Asker: 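This structure is in structure tokens; I'll ask about it shortly.
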Amino acid sequence: MSKREKINIPIEEINKQKEAIARVREKNDFDMQRSGKQKLAIIITYGCQQNENDSERLRGMLRDMGYSFTEDREEADLILYNTCCVRENAELKVFGNIGALKHLKARKPHLLIGICGCMMQQEHIVEQIKKKYKHVDMVFGTHTLYKFPETLEKAMNEAYTVIDVMNTDGYIVEDIPIHREGTVKAWVSIMYGCNNFCSYCIVPYVRGRERSRNPKDVISEVSQLVAEGYKEITLLGQNVNSYGNDLEADIDFADLLQMVNDIEGVKRIRFMTSHPKDISDKLIDVMNKCKHVCEQLHLPFQAGSNNVLELMNRKYTREKYLEIIRKVKQAIPDVALTSDIIVGFPGETNEDFEGTLDIIKQVEFDSLFTFIYSPRKGTPAEKMDDVLSKKEKQANFQKLLDIQNEISLKKNQQYLGKNVEVLVEGYSKNNPDMLTGRTRTGKIINFSGNEELIGTFINVLVEDVQTWSLTGRHVKEDI
Ligand code: 5AD
Ligand code: SF4
């Protein structure tokens with residue numbers, strides 16, 4: 001059996017789900033005719049874009065089963081939590097929310113409550129739900145997401161909590177219906193799982209080993225999105241730079257990026273996440289050459305000291321990281337750089353932390369995603385000892401934020417007085433009178449304008465800047 005045959009799902013499995021979708025739809029149609037009321041669902045998503053993309057598939061399956069969507073938990077017939085377990089606070093939030101639904105379920109016994117996603121791939125969590133949260137109707141993991149129609153049908157018919165969690169790596173399933181969040185930007189997963197086992201990270205345990213999608217499936221999804229009018233595509237994977245390593249075809253991420261760039265009608269391409277150990281000169285060259293690949297790179301360095309990087313099992317040094325950044329800046333001078341950083345990893349001293357600050361000052365990232373280390377059950381770092389106290393870690397974290405805020409503002413100030421190409425995404429959430437969009441470098445920019453501009457590319461003159469965004473005026477020359 002070839003590698004691909006092992007991970008591509010058998011057709012009978014897909015057909016089983018299609019049949020379950022038809023049966024649930026029939027039942028929902030019947031109920032709706034009798035009650036005169038639409039069946040409503042809500043999905044609450046935590047975590048990364050991969051989870052958001054999974055929720056779009058759950059929404060697609062729900063739509064095909066006859067559900068419409070609501071933002072209001074009180075009026076929902078089905079509430080689904082798509083969970084994240086990367087840090088403890090995300091897990092605590094889910095438990096808090098699920099606990100609070102007990103009263104709602106008591107008032108509305110027909111309400112269905114489901115929990116899915118990464119948290120459910122951990123045995124101790126599923127056990128906790130079985131014991132303490134008996135009002136939950138269904139639990140399923142990341143590898144069994146495609147079986148949601150069958151799980152939901154069972155939950156509709158049974159009083160017990162239906163549990164469908166698989167611990168081996170999942171299949172690659174191409175035929176799941178999808179209902180996307182917006183009409184301008186779309187996420188496309190190019191691979192699933194991670195092989196890196198950074199010592200703090202739970203992802204490889206809950207998402208399994210790296211599995212790359214067939215390039216022809218990726219190309220056909222992007223072509224379809226372009227035909228539907230989507231203007232910006234973000235290619236997703238835990239470590240996109242190792243795309244293709246598990247494929248029989250001789251293809252790597254740089255080749256795929258080039259292929260996506262060459263699709264007729266494609267406008268903007270972004271990708272995340274990249275791992276510094278795998279970033280190649282070829283990729284930097286392709287980013288530079290490809291017209292539609294945006295000038296933006298998210299390259300997590302996590303920590304600035306070689307001791308900590310080794311303890312983290314990151315497989316690069318601070319020198320190697322800085323060398324990559326130097327090459328990227330040289331090839332793409334107006335590139336916007338972002339990174340993930342963990343503060344307070346076990347073993348990190350104040351001196352190690354100074355190394356992190358030093359990288360931040362040297363590179364001058366446009367923005368950072370910063371986290372205080374959170375021990376995760378079953379990871380090697382869980383057993384490592386801390387050097388710094390909680391208070392010291394918190395103080396370092398604040399120091400880092402203060403320094404980065406200054407740098408972010410300074411980076412934004414470089415845009416003052418410039419004309420930038422903006423893809424208009426919609427109305428601003430914080431300021432609903434204004435439109436919002438992003439530059440090619442990923443900067444959020446707000447400006448006045450009317451609804452017809454949504455989904456178009458326009459020129460905006462930057463007139464003011466803040467730490468997290470820009471403000472400007474639409475200048476009416478065509479792009
Ligand atoms: N504690 C804190 N941050 C973490 N991340 C991953 N695992 C942990 C953890 N246990 C961060 C890393 C990663 C990002 C998605 O989340 O910075 O790049
Ligand atoms: Fe986690 Fe490291 Fe894999 Fe990223 S590369 S998902 S941090 S194990």
Side-chain angles (χ1 to χ4, degrees), residues 45-54 83-93 117-119 121-122 125 142 169 187 189-212 234 236-243 245-246 253 271-279 297-305 308-316 321 324 337-348 353 356 359-360 365 367-384 386 388 390 393-394 396-397 400-401 404:
T45 309
Y46 292 92
C48 62
Q49 276 89 351
Q50 184 68 61
N51 262 18
E52 294 285 352
N53 195 218
D54 282 350
T83 63
C84 167
C85 58
V86 166
R87 284 169 295 275
E88 193 188 13
N89 53 2
E91 291 192 341
L92 295 177
K93 270 192 213 149
C118 293
M119 258 173 93
Q121 290 297 136
Q122 304 173 95
I125 299 275
T142 53
D169 287 1
W187 291 304
S189 297
I190 61 165
M191 60 192 297
Y192 306 95
C194 180
N195 288 357
N196 291 316
F197 290 95
C198 301
S199 63
Y200 50 81
C201 186
I202 193 81
V203 169
Y205 304 89
V206 296
R207 289 262 174 195
R209 295 294 65 70
E210 282 170 2
R211 304 169 308 279
S212 304
T234 303
L236 291 181
Q238 305 297 343
N239 174 17
V240 290
N241 303 108
S242 51
Y243 174 83
N245 286 354
D246 60 320
F253 179 60
F271 57 88
M272 67 189 301
T273 294
S274 292
H275 194 306
K277 82 175 164 57
D278 297 318
I279 214 156
L297 181 65
H298 181 61
L299 194 63
F301 76 89
Q302 312 293 1
S305 117
V308 176
L309 285 172
E310 194 167 339
L311 286 172
M312 286 179 161
N313 192 30
R314 290 289 290 178
K315 303 192 178 87
Y316 55 84
Y321 185 85
I324 299 167
L337 295 165
T338 55
S339 193
D340 292 349
I341 291 169
I342 298 178
V343 175
F345 185 77
E348 185 176 71
F353 176 69
T356 298
I359 292 198
I360 289 170
F365 293 96
S367 61
L368 291 177
F369 299 88
T370 47
F371 311 102
I372 290 192
Y373 168 70
S374 164
R376 303 287 62 212
K377 200 173 159 70
T379 60
E382 190 204 3
K383 298 191 179 62
M384 298 178 189
D386 276 336
L388 299 178
K390 220 171 160 181
K393 290 182 181 187
Q394 193 61 50
N396 284 346
F397 187 70
L400 187 150
L401 292 187
Q404 180 56 38

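The shown structure was predicted, so the numbers you read here are calculated from the model rather than taken from an experiment. Only heavy atoms go into these numbers, but all of them, side chains included; no hydrogens, no water, no symmetry mates. Both counts, for ligands and for their atoms, begin at 1 and track the order of listing.
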Asker: Tell me, which protein residue and heavy-atom name are nearest atom 4 (Fe) of ligand 2, and how many Å apart are they?
Answerer: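 For this ligand atom, the closest protein heavy atom is Gln238 O, 4.4 Å.
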Asker: Residue-level breakdown please: for Pro204 versus ligand 2, do any non-hydrogen atoms fall below 4.0 Å on the side chain, on the backbone, on both, or on neither?
Answerer: side chain
Asker: Using a 4.0 Å heavy-atom cut-off, which part of Arg376 comes near ligand 2: side chain, backbone, both, or neither?
Answerer: neither
Asker: For ligand 1, which atoms, with element, lie under 4.0 Å from some heavy atom of Ile372?
Answerer: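 Near Ile372, meaning under 4.0 Å from one of its heavy atoms, ligand 1 has 2 (C).
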Asker: Test of understanding: given a 4.0 Å heavy-atom threshold, classify the contact between Phe197 and ligand 2 as side chain, backbone, both, or neither.
Answerer: backbone
Asker: Give me the residue, atom name and distance of the protein heavy atom closest to atom 2 (Fe) of ligand 2.
Answerer: Cys198 SG, 2.3 Å
Asker: For the residue pair His298 and Thr338, what are the closest heavy atoms and their distance?
Answerer: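 Closest pair (atom of His298, atom of Thr338, distance): ND1-OG1, 2.9 Å.
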Asker: Counting N and O atoms only, with roles assigned by atom type, does the side chain of Asn241 sit under 3.5 Å from a partner on the main chain of His275, one being a donor and the other an acceptor?
Answerer: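 Yes; at least one donor-acceptor contact below 3.5 Å.
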Asker: Could you tell me which atoms of ligand 1, counted from 1 in the order shown, lie closer than 4.0 angstrom to a heavy atom of Ile342?
Answerer: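 So the atoms of ligand 1 that pass are 3 (N), 4 (C), 5 (N), 12 (C), 17 (O).
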Asker: For atom 14 (C) of ligand 1, what's the nearest protein heavy atom and its distance?
Answerer: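 Nearest protein contact, heavy atoms only, for atom 14 (C) of ligand 1 is Asp340 OD2, 3.4 Å.
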Asker: Carefully, step by step, assess Phe197 and Tyr205 under the rule ring pair (Phe, Tyr, Trp, His ring centres under 6.0 Å).
Answerer: CA-CA 8 Å; Phe197 290 95; Tyr205 304 89; 5.3 Å; yes
Asker: Just need the protein heavy atom nearest to atom 7 (S) of ligand 2, so name the residue and atom and give the distance.
Answerer: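 Residue, atom and distance for the closest contact: Tyr200 OH, 3.4 Å.
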Asker: Among the heavy atoms of Arg314, does any lie under 4.0 Å from an atom of ligand 2?
Answerer: yes
Asker: Assert yes or no for the condition that the ring centre distance of Phe301 to Phe365 is strictly below 6.0 Å.
Answerer: yes
Asker: Out of Thr379, Asn313, Val203, Asp340, whose heavy atom sits nearest atom 6 (S) of ligand 2?
Answerer: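 Among Thr379, Asn313, Val203, Asp340, the closest heavy atom to atom 6 (S) of ligand 2 comes from Val203.
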Asker: Among protein heavy atoms, which lies nearest atom 1 (Fe) of ligand 2, and at what distance?
Answerer: Cys201 SG, 2.3 Å
Asker: Show which atoms of ligand 2 fall inside a sub-4.0 Å distance from at least one heavy-atom site of His275.
Answerer: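 Listed by number with element, the hits are 5 (S).
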Asker: Among all protein heavy atoms in this structure, tell me which lies nearest to atom 1 (N) of ligand 1, with the distance rounded to 0.1 Å.
Answerer: Ser374 N, 2.9 Å
Asker: Do me a favour and list the nearest non-hydrogen protein atom to atom 7 (N) of ligand 1 with residue, atom name and distance?
Answerer: Tyr200 CD1, 3.3 Å
Asker: Can you tell me the protein heavy atom closest to atom 6 (C) of ligand 1 and the distance?
Answerer: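 Here the nearest protein heavy atom works out to Val86 CG1, 3.4 Å.
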Asker: Classify the contact between Val203 and ligand 1 as side chain, backbone, both or neither, using a heavy-atom distance cut-off of under 4.0 Å.
Answerer: neither
Asker: Could you tell me the residue and atom name of the protein heavy atom closest to atom 5 (S) of ligand 2, and the distance to it rounded to 0.1 Å?
Answerer: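 Ranked first by proximity to atom 5 (S) of ligand 2 is Asn196 ND2, 3.4 Å.
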Asker: Provide the closest heavy-atom pair for Asn396 versus Leu388 in the form atom of the first, atom of the second, distance.
Answerer: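 The answer is ND2-CD1, 3.6 Å.
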Asker: Measuring from Lys93:NZ to Thr83:OG1, what's the distance to the nearest 0.5 Å?
Answerer: 13.0 Å
Asker: Does the pair Asp246/Arg209 count as a salt bridge with the N-to-O cut at 4.0 Å?
Answerer: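 Result for this pair is no, no salt bridge flagged.
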Asker: Give the residue and atom name of whichever protein heavy atom lies nearest to atom 11 (C) of ligand 1, and the separation in Å to one decimal.
Answerer: Arg87 NH1, 3.3 Å
Asker: Where is the nearest protein heavy atom to atom 12 (C) of ligand 1: which residue, which atom, and how far?
Answerer: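 For atom 12 (C) of ligand 1, the nearest protein heavy atom comes out as Gln302 OE1, 3.4 Å.
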Asker: Would you check if atom 3 (Fe) of ligand 2 lies under 2.8 Å from any N, O or S atom of Cys194?
Answerer: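 Short answer: yes, at least one N, O or S atom is under the cut-off.
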Asker: For the 3.5 Å polar cut-off, considering only N or O atoms, please tell me whether Arg376 and ligand 1 meet it.
Answerer: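 No, since none of the N or O atoms of Arg376 sits under 3.5 Å from an N or O of ligand 1.
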Asker: Which residue in the set Glu91, Gln122, Glu382 passes side chain to side chain donor-acceptor pair (under 3.5 Å) when paired with Arg376?
Answerer: Glu91
Asker: Test your reading of the model: is there a side-chain donor-acceptor pair from Ser212 to the backbone of Met191, 3.5 Å cut-off?
Answerer: no
